[in-house]
Amino acid sequence: MDERDSLADPAFEDGAPVRAADRLTLDIDGWEGPLDLLLTLARSQKVDLARISILALVEQYLAFIADARKLKLEIAADYLVMAAWLAYLKSCLLLPKDPAVDPSPEELAMRLQLRLQRLAAMREAGARLLGRDRLGRDVFLRGDPEGLRVVRRSAWQAELYDLIAAYGAVRARSEPAVHVVARRPVMTLEEALLRVERMVGGRLEWARLESFLPETKDAEFRKSALASSFVAALELARKGRVELDQKSPFAPLFIRAA
Amino acid sequence: MKELADDLRAVEAALFAAAEPLGADDIAAHVGDGVDVAAALAELQGHYAGRGVNLVERGGRWHFQTAADLAHILRREREEPRRLSRAAIETLAIIAYHEPVSRAEIEAIRGVQISRGTLDVLMEAGWVRPAGRREAPGRPLTYATTQAFLQHFGLASRRDLPGLDDLKAAGLLDPIDAAMEQLELESGPEGD
Amino acid sequence: MKELADDLRAVEAALFAAAEPLGADDIAAHVGDGVDVAAALAELQGHYAGRGVNLVERGGRWHFQTAADLAHILRREREEPRRLSRAAIETLAIIAYHEPVSRAEIEAIRGVQISRGTLDVLMEAGWVRPAGRREAPGRPLTYATTQAFLQHFGLASRRDLPGLDDLKAAGLLDPIDAAMEQLELESGPEGD
């Protein structure tokens, strides 16, 4: 089958009734669409679908629709679209042949005939399917089968590495956690007090705080010494042993003996 | 009765006991690898031909079922398994003979839209399943029949669909365009 | 195969399709009054003697059943590969390194409780076995590994398990715990 069938077929070219979504479709006496109605009319010709007279069929369809209109039946749009197309086909078939028209009316008629044959074939196939010896209607399975059981057995798998790694993980996890803090180089406040007090001695000239720090290349230790010496200077000033002088915030801090 | 080979007995027992039709693989898994399951199945099928119970193959799976001609003694409740609408029957036939087939293709053959419920009914019955998307514009979903369809309608395979060969030979399962070309080759344009 | 009489076929089909064992009356109701059900049952029983399926009578009711000697094929085992959970592999490792070891000891080493299921899985796998009770308060049951354990992990003996030094060198362990060394020294003869 091919998607193009329905698209290319002139019967459904314009109105695309097959696709018209959600349109209320009135079944005319239970026909399922115009093709179904056409097939029923074709059957009434009582000839092989391959030999059917399309012209006669078109006449019947148009007459049927005309009758339905006379009776003021509401006719679904797709039946009317088909009627319009068939009226067009009829006029083409009756007019003298125009070789320029493509597809030719004969080809259109042939396509319609093929469609009817296909629908008829599938309708018949459906009937034959339903007439077969069907399970649960004509033939029966065993009423009370013991049933086959599949017992699932787990085949456990693990690799040696998993085992060893797991053991390592357990041991590592259960190790008592001892936190050893590495000793950082610091100058304690006590050390700084002694050092600054000793170095200031009785000097009356101002000296920068930095000049009281020990010689070191260790930046960490230097920072610690600076902080401790600063606190030591404050402490000594509080006790009245030294005087402090700073011209402005963050300016160098000067110390001398009081 | 003559003694049956143990292999045959085992295959017979497995099929009798099974709640579902069994493939040859399933049978082998139960009766053991050393058994020539295919040969046993063929022989058993012969044993049961003409009996009240027959061994049948449906889409590569095997099961026992009662003989069709005994339906009258077994159909106590006389219930039709499932009444299908005309639309559903036609749709099922179109799917079976054309599968995999898209919804638009089904509609093209029937000349009407199919309502959502029609395919649902067929899928709920377990006879139709979605069968992937077609590599074509819009990637339409296609439908095909199932194992349960073959079982229910007593078909050994899709090749057993009634009249399949005739329909094929008549070109009635081909797209209309292909059929038209064929007709033009065989004979000039026919004007009825 | 010889053709069976229709009566016999009907009785056979009725018994096959029945959802429960049938009495002779039930069968007669299906197949019609003209049938000598008792004779048909006796003949059918003969037909099925020695086959994979037998026709048996139980308390005046008849049904087909799988031949007793074929009961095993109704049950098929299928192995499904499964990986051990983290809890299971850790428990197994602890047992392997410390056996025989009690549940409480395993929990102490793991630092986490173990569920009953964990040991069950290891025993189901065949890698762990109960290894007697410890002569200690409460007489706790101890566990040890099995020969199958050694085989699965490709070990000639438990001494092939990497020691703590190896684990440490492989980066699998933090600094060694003295208690651990002690345990390793204690792991004497293997009793498998």
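Each chain gets a letter, A, B and so on, in the order its sequence line appears, and its residues count up from 1. Since the model is a prediction, treat every value here as computed from it, not as a measurement. Every heavy atom of this structure was used, including side-chain atoms; hydrogens, water molecules and symmetry mates were not.
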TODO: Mark yes when over 12 heavy atoms from residues, nucleotides or ligands other than Gln113(C) sit less than 6.0 Å from its CD; otherwise mark no.
DONE: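 It does not: Gln113(C) CD has 12 such atoms or fewer within range.
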
TODO: Decide if atom CZ of Arg83(C) counts as having more than 12 heavy atoms of other residues, nucleotides or ligands within a radius under 6.0 Å.
DONE: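 Yes - once you tally the heavy atoms of other residues, nucleotides and ligands closer than 6.0 Å, there are more than 12.
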
Open item on the list: For Ala13(C) versus Gly52(B), what's the shortest heavy-atom pair and its separation?
Closed with: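 Heavy atoms only, the tightest pair is CB-O, 3.5 Å.
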
- [ ] Tell me the residues of residues 118-125 of chain C whose non-hydrogen atoms fall below 4.5 Å from those of chain B, in number order.
- [x]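 The stretch does not come within 4.5 Å of chain B.
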
Task: Asp69(C) versus chain B, the contacting section by heavy-atom distance below 4.5 Å - done: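 Only the side chain of Asp69(C) comes within 4.5 Å of chain B.
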
Open item on the list: Is Leu70(C) in contact with chain B via its backbone, its side chain, both, or neither, using a 4.5 Å heavy-atom distance?
Closed with: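 It is the side chain, since no backbone atom gets that close.
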
Open item on the list: Is the shortest side-chain heavy-atom distance between Arg9(C) and Ile73(B) below 4.5 Å?
Closed with: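 The answer is no, as the side chains (C-beta and beyond) never meet within the 4.5 Å cut-off.
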
Task: Phe16(B): which of Thr66(C), Leu74(C), Val53(C) passes side-chain contact (heavy atoms from CB on, under 4.5 Å) - done: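 The side-chain contact (heavy atoms from CB on, under 4.5 Å) with Phe16(B) is passed solely by Val53(C) among Thr66(C), Leu74(C), Val53(C).
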
